[in-house]
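Shown next, in structure tokens, is the structure this report addresses.
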Amino acid sequence: MTLKECYEAIGGNYEEVIGRLRSERLVQKFTLKFLDDKSLELLEKSLKEENYEEAFRAAHTIKGICQNLSFDKLLASDSALTEALRDGKSPETDGLAKQVFADYEETVSVIRAFQASLG
């Protein structure tokens, strides 16, 4: 799998991220580094503990990473959750969180497959 194919599979914008980071090597480095990010774990923990201020911060962090890496599909679902959490829990928080968790898992799964294809 190529990096461009990885981006296509996760609903990312390869051309945009290459334009921003200027190097496929850098894009690959930060894409693989995404696997080490703990923001989703913090989001999940914060939601379970009903700590919506911390959940907002975790969602906002994920949003920033997705913007920088042009992970557009995950960015869209996470942006909606971030806004829903801005003033605490809203009626749509649970459904939006489920979508973020699904999109995040899909993104991580594809990145791991890309990583495995590197040898």
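Hydrophobic clustering (side-chain heavy atoms under 4.5 Å, transitive across Ile, Leu, Val, Met, Phe, Trp, Tyr) keeps L42 apart from L81.
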Using the side chain to side chain contact (heavy atoms under 4.5 Å, CB included) rule, take R86 and E83 through it: C-alpha gap first, then chi angles, then the decisive distance, then the call. CA-CA 5 Å; R86 188 170 292 279; E83 290 311 309; 2.8 Å; yes
Given the rule in the side chain to side chain contact (heavy atoms under 4.5 Å, CB included) test, do K89 and D94 qualify, once you have shown the distances and angles that lead to the verdict? CA-CA 9 Å; K89 184 174 180 164; D94 292 339; 3.4 Å; yes
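Between the S79 side chain and the A76 main chain, no donor and acceptor come within less than 3.5 Å of each other. Distance alone, capped at 3.5 Å, is enough to place a donor-acceptor pair between the T82 side chain and the D78 backbone. Remark: the backbone N or O of R112 is not paired with any side-chain donor or acceptor of Q115 at under 3.5 angstrom.
Between atom CD1 of residue I10 and atom OG of residue S109 there is a gap of 11.0 Å, rounded to the nearest 0.5 Å. In this structure, CD1 in I111 is found 13.5 Å from NZ in K33, a value given to the nearest 0.5 Å. Put simply, CD on E16 and CG on L69 are 10.5 Å apart, with the number rounded to the nearest 0.5 Å. L43 contributes atom CG, which lies 12.5 Å from atom CZ of R57 (distance to the nearest 0.5 angstrom). Annotation: the span from K63 atom NZ to L74 atom CG amounts to 12.5 Å, rounded to 0.5 Å. A distance of 9.0 Å separates CZ in R25 from CZ in F30, rounded to the nearest 0.5 Å.
In this structure, T61 and S39 approach most closely via the heavy-atom pair CG2-OG, 3.3 Å. Minimum heavy-atom separation, C66 to L75: CB-CB, 3.8 Å. Shown here for L3 and F114, the closest heavy-atom pair between the two residues is N-CE1, 3.5 Å. Between M1 and A113, the shortest heavy-atom contact is CE-CB, 4.2 Å. For the pair D103 and S77, the tightest heavy-atom approach, listed with the atom from each and the gap, is OD2-OG, 2.8 Å. Between N68 and V17, the closest heavy-atom pair is O-CG2, 3.8 Å.
Between V108 and L40, the closest side-chain pair of non-hydrogen atoms is not below 4.5 Å. The closest side-chain heavy-atom distance from L85 to L47 is below 4.5 Å. Q28 has its side chain within reach of L118: a pair of non-hydrogen atoms, C-beta onward, lies under 4.5 Å apart.
Between E24 and Y14, the side chains place a donor N or O and an acceptor N or O closer than 3.5 Å (distance only, hydrogens not considered). No hydrogens or angles considered: a donor-acceptor pair under 3.5 Å links the side chains of S90 and T93. With no hydrogens or angles considered, no side-chain donor-acceptor pair links E54 and S46 at under 3.5 Å.
For residues 74-102, no pair satisfies ring pair (Phe, Tyr, Trp, His ring centres under 6.0 Å), with sequence neighbours left out. Sorted by first then second residue, the ring pair (Phe, Tyr, Trp, His ring centres under 6.0 Å) pairs that include residues 41-95, not counting sequence neighbours, are Y7-F71, F34-F71, F56-H60.
The pair K45-E49 meets the salt-bridge criterion, since a charged nitrogen lies less than 4.0 angstrom from a carboxylate oxygen.
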